[in-house]
Amino acid sequence: MGGGGRVLVTGSSRGIGAAIATALARAGCRVVVHAGRDRGAAESVRDALQGDGHAVVVGDVTDPDVCAAVVAQSIAALGGLDVLVLNAGVYEAHPIDAIDYAGWRDAWRRTLDTNLVGPANLAWLLVDHLRSRPEGAGGGRVVAVGSRGAYRGEPVTAAYAASKAGLHAMTQSLALALAPHGVLAAAVAPGFVETDMARSVLEGPDGDAVRAQSPFRRVAQPHEVADVVTWLATDAPLWVSGAVLDANGASYLR
Ligand code: NAP
C-alpha cells in the first residue's frame with residue numbers, strides 16, 4: 001500500500017504507539033492518534049507529526065460501545081480507514097502466590113478486556129468498514145503489537161502472556177479469514193522496550209538482568225518496534241500475512 005494510508009493506531013499517546021504514529025506519518029500516512037484517557041498527550045503527539053490531516057480520538061477499548069465510537073470517529077476524521085494498528089495494552093503485576101482471589105480475577109478481566117477482547121472488537125469494526133466501502137476491502141491491513149511474553153512466559157503477569165498469545169492467534173486467524181478479501185493481518189512480538197509500561201521493571205532490581213537477556217545488552221527503543229509495525233502497515237508484501245515477527249534483540253529465539 002505504501003504511504004498515503006489512513007491508519008488508526010490505538011494507544012498512540014505515548015510509548016511504542018507514539019513512535020508508530022511518528023513513523024507512519026513520516027511514511028506519508030494520515031494517522032488517528034488514540035488515547036485511552038489522556039487527550040492532551042495524544043494532541044501533543046499529533047501536533048508533532050509530519051504532514052497534515054492527522055486526528056485525535058479518545059476512548060477506553062475495554063468498552064465495546066466505545067470501540068464502535070472510536071472507529072466511527074476515526075473514519076469521520078480521515079474520510080475512511082485502511083489500516084488498524086492494535087497497540088494499546090496494559091501490563092500489571094498479579095503474582096499468583098502473592099495476590100488474593102479478587103485481585104487475581106480483576107487483573108485477568110482487565111488484561112484480557114484491554115489486550116484481547118478490545119482488539120477483537122476493533123478488528124471486527126475495521127473489517128465491517130472495509131467490506132462496506134465502495135472500493136472494497138482490498139489493501140486493508142490489521143497489525144497487532146503482541147509480545148515475546150506469549151512464548152517465553154510471564155511469571156508475575158500470567159494474564160498478560162495469555163492475552164498476547166491470544167492476540168497472536170487472533171491475528172493469524174484473521175490472516176486466514178481476510179486473505180480472500182485482499183487484507184493482510186500480521187503481528188510483532190517485542191521483547192522489553194523502554195517505555196512507561198516497562199519502567200518499573202527496568203529501573204528495579206531486575207533491570208540489569210533484563211538488559212542482559214539480549215546479546216546487545218540493552219532493551220529496545222520504541223522506534224525499533226515502530227519501524228517493524230510501520231513496514232507491516234504499509235510496504236510489506238501481502239505474503240507476510242499471518243506472520244508474528246519477533247523484535248526482541250535476539251533475547252529469545254524460537
Ligand atoms: P504504554 O507506554 O503504557 O502506553 C500504553 C498506551 O495504551 C497509552 O496510549 C494508553 O493510553 C493506552 N491504553 C491503555 N489502556 C487502554 C484502554 N483501556 N483503552 C484505550 N487505550 C488504552 O505502553 P507501551 O510500552 O508503549 O506498549 C504498547 C504495546 O506494546 C502494548 O500492547 C504492550 O503490551 C506492547 N509491548 C510493550 C513492551 C514493553 O516492554 N514496553 C514489550 C512488549 C510488548 P492512556 O495513557 O490515555 O490510557
Side-chain angles (χ1 to χ4, degrees), residues 8-23 31-46 56-67 69-71 73-74 84-92 107 109-119 121-122 143-154 157 159-168 170-171 187-204 206-207 210-211 213-214 218-226 228-229 244-249 251-252:
L8 165 60
V9 184
T10 66
S12 45
S13 56
R14 54 197 167 93
I16 296 167
I20 294 169
T22 301
V31 181
V32 171
V33 179
H34 162 264
R37 288 168 302 237
D38 193 344
R39 178 176 289 276
E43 287 174 347
S44 298
V45 171
R46 180 203 55 196
V56 164
V57 172
V58 177
D60 184 340
V61 302
T62 65
D63 182 329
D65 294 330
V66 173
C67 287
V70 164
V71 171
Q73 288 168 30
S74 300
L84 171 63
V85 176
L86 297 165
N87 168 77
V90 289
Y91 174 88
E92 57 179 76
R109 189 71 277 149
R110 227 180 355 264
T111 302
L112 290 182
D113 281 350
T114 312
N115 296 3
L116 182 57
V117 181
N121 291 339
L122 291 163
V143 182
V145 180
S147 174
R148 178 189 72 165
Y151 305 111
R152 192 170 178 269
E154 295 278 359
T157 54
Y160 179 83
S163 72
K164 294 300 188 176
L167 187 63
H168 296 166
M170 180 192 84
T171 306
V188 179
F192 272 102
V193 184
E194 204 169 296
T195 69
D196 294 345
M197 180 179 280
R199 178 155 299 123
S200 64
V201 175
L202 298 177
E203 292 180 357
D206 296 331
V210 167
R211 283 178 279 278
Q213 289 170 356
S214 165
R218 63 177 179 85
V219 299
Q221 291 301 310
H223 71 85
E224 294 175 294
V225 174
V228 182
V229 172
V244 181
L245 300 184
D246 290 333
N248 66 34
S251 64
Y252 187 72

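Scope of the values below: all heavy atoms of this structure, side chains included, with no hydrogens, waters or symmetry mates. Counting starts at 1 for both ligands and their atoms, in listed order. The first residue of the sequence shown is numbered 1, and numbering continues consecutively from there.
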Audit row: Leu122, Val71, side-chain contact (heavy atoms from CB on, under 4.5 Å) steps and yes/no:
CA-CA 7 Å; Leu122 291 163; Val71 171; 3.7 Å; yes
Going by the closest heavy atom to atom 19 (N) of ligand 1, which one wins out of Ile16, Val219, Val61?
Val61
I'd like to check which ligand 1 atoms, numbered from 1 as shown, lie under 4.0 Å from a non-hydrogen atom of Gly15.
2 (O), 26 (O)
The protein heavy atom nearest to atom 31 (C) of ligand 1 is Asn87 O, 3.1 Å
Check: Gly36 N/O within less than 3.5 Å of ligand 1 N/O
yes
Once you round to the nearest 0.5 Å, how far does CD of Glu92 lie from OG1 of Thr111?
4.5 Å
Measuring from atom CE of Met170 to atom OG of Ser163, what distance do you get when rounded to the nearest 0.5 angstrom?
11.0 Å
Rounded distance (nearest 0.5 Å) linking atom OG of Ser13 with atom CZ of Arg46:
13.0 Å
Which residue holds the protein heavy atom closest to atom 41 (N) of ligand 1, what is that atom called, and what is the gap in Å?
Thr195 OG1, 3.0 Å
Protein heavy atom at shortest distance from atom 15 (N) of ligand 1
Val90 CG1, 3.7 Å
What atoms in ligand 1 come closer than 4.0 Å to a heavy atom of Gly59?
19 (N), 20 (C)
Drop me the distance from Ser251's OG to Arg218's CZ, to the nearest 0.5 angstrom.
11.0 Å
Give me the residue, atom name and distance of the protein heavy atom closest to atom 9 (O) of ligand 1.
Ser13 OG, 2.7 Å
With heavy atoms and a 4.0 Å threshold, my read on which part of Thr114 contacts ligand 1 is side chain
Consider ligand 1: state whether an atom of it lies below 4.0 angstrom from any non-hydrogen atom of Ala18.
no
Could you identify the single nearest non-hydrogen protein atom to atom 3 (O) of ligand 1 and state the distance to 0.1 Å?
Arg14 NH1, 3.1 Å
Starting at CD1 of Ile20, measure out to CG of Asn87 and round the result to the nearest 0.5 Å.
4.0 Å
Does ligand 1 have an atom that lies less than 4.0 angstrom from a heavy atom of Ala42?
no
If we only count N/O pairs under 3.5 Å, is His34 in contact with ligand 1?
no
Between Tyr91 and ligand 1, find which residue part has any heavy-atom pair under 4.0 Å and reply side chain, backbone, both or neither.
neither
Are a donor atom and an acceptor atom from the side chains of Gln213 and Arg148 found within less than 3.5 Å of each other?
yes
Any atom of ligand 1 sitting under 4.0 Å from a heavy atom of Arg148?
no
How far apart are the C-alpha atoms of Leu202 and Val219, what are their side-chain angles, what is the distance that settles it, and do they pass the side-chain contact (heavy atoms from CB on, under 4.5 Å) test?
CA-CA 9 Å; Leu202 298 177; Val219 299; 3.8 Å; yes
Using the rule given for side-chain contact (heavy atoms from CB on, under 4.5 Å), can you reason through Val85 versus Val229, listing the C-alpha separation, both sets of side-chain angles and the distance that settles it, and then say yes or no?
CA-CA 8 Å; Val85 176; Val229 172; 3.8 Å; yes
Any non-hydrogen atom of Phe192 lying under 4.0 Å from ligand 1?
yes
Nearest non-hydrogen protein atom to atom 13 (N) of ligand 1, with distance, is Ala88 CB, 4.0 Å
Would you find more than 12 non-hydrogen atoms of other residues, nucleotides or ligands less than 6.0 Å from Gln73 atom CD?
yes
Check: Val188 main-chain N/O paired with Asp246 side-chain donor or acceptor under 3.5 Å:
no
Does a side chain donor of either Thr62 or Asp113 reach within less than 3.5 Å of an acceptor in the other side chain?
no
For atom 36 (N) of ligand 1, what's the nearest protein heavy atom and its distance?
Tyr160 OH, 3.4 Å
Near Asp60 (heavy-atom distance under 4.0 Å), the atoms of ligand 1 are 17 (C), 18 (N), 19 (N)
Just go through Val229, Asp38, Val145 and tell me whose heavy atom is the nearest to atom 30 (O) of ligand 1.
Val145
Closest candidate by heavy atom, reference atom 42 (C) of ligand 1, pool Gly191, Ala247, Ala198
Gly191
Aromatic plane relationship, Tyr91 with Phe192 - under 30° parallel, 30 to 60° tilted, over 60° perpendicular:
perpendicular
For atom 40 (O) of ligand 1, what's the nearest protein heavy atom and its distance?
Val193 N, 2.8 Å
Distance col, row Asp60:CG vs Asp65:CG, nearest 0.5 angstrom, shows 11.5 Å
Could you tell me whether ligand 1 has any atom less than 4.0 Å away from a heavy atom of Lys164?
yes
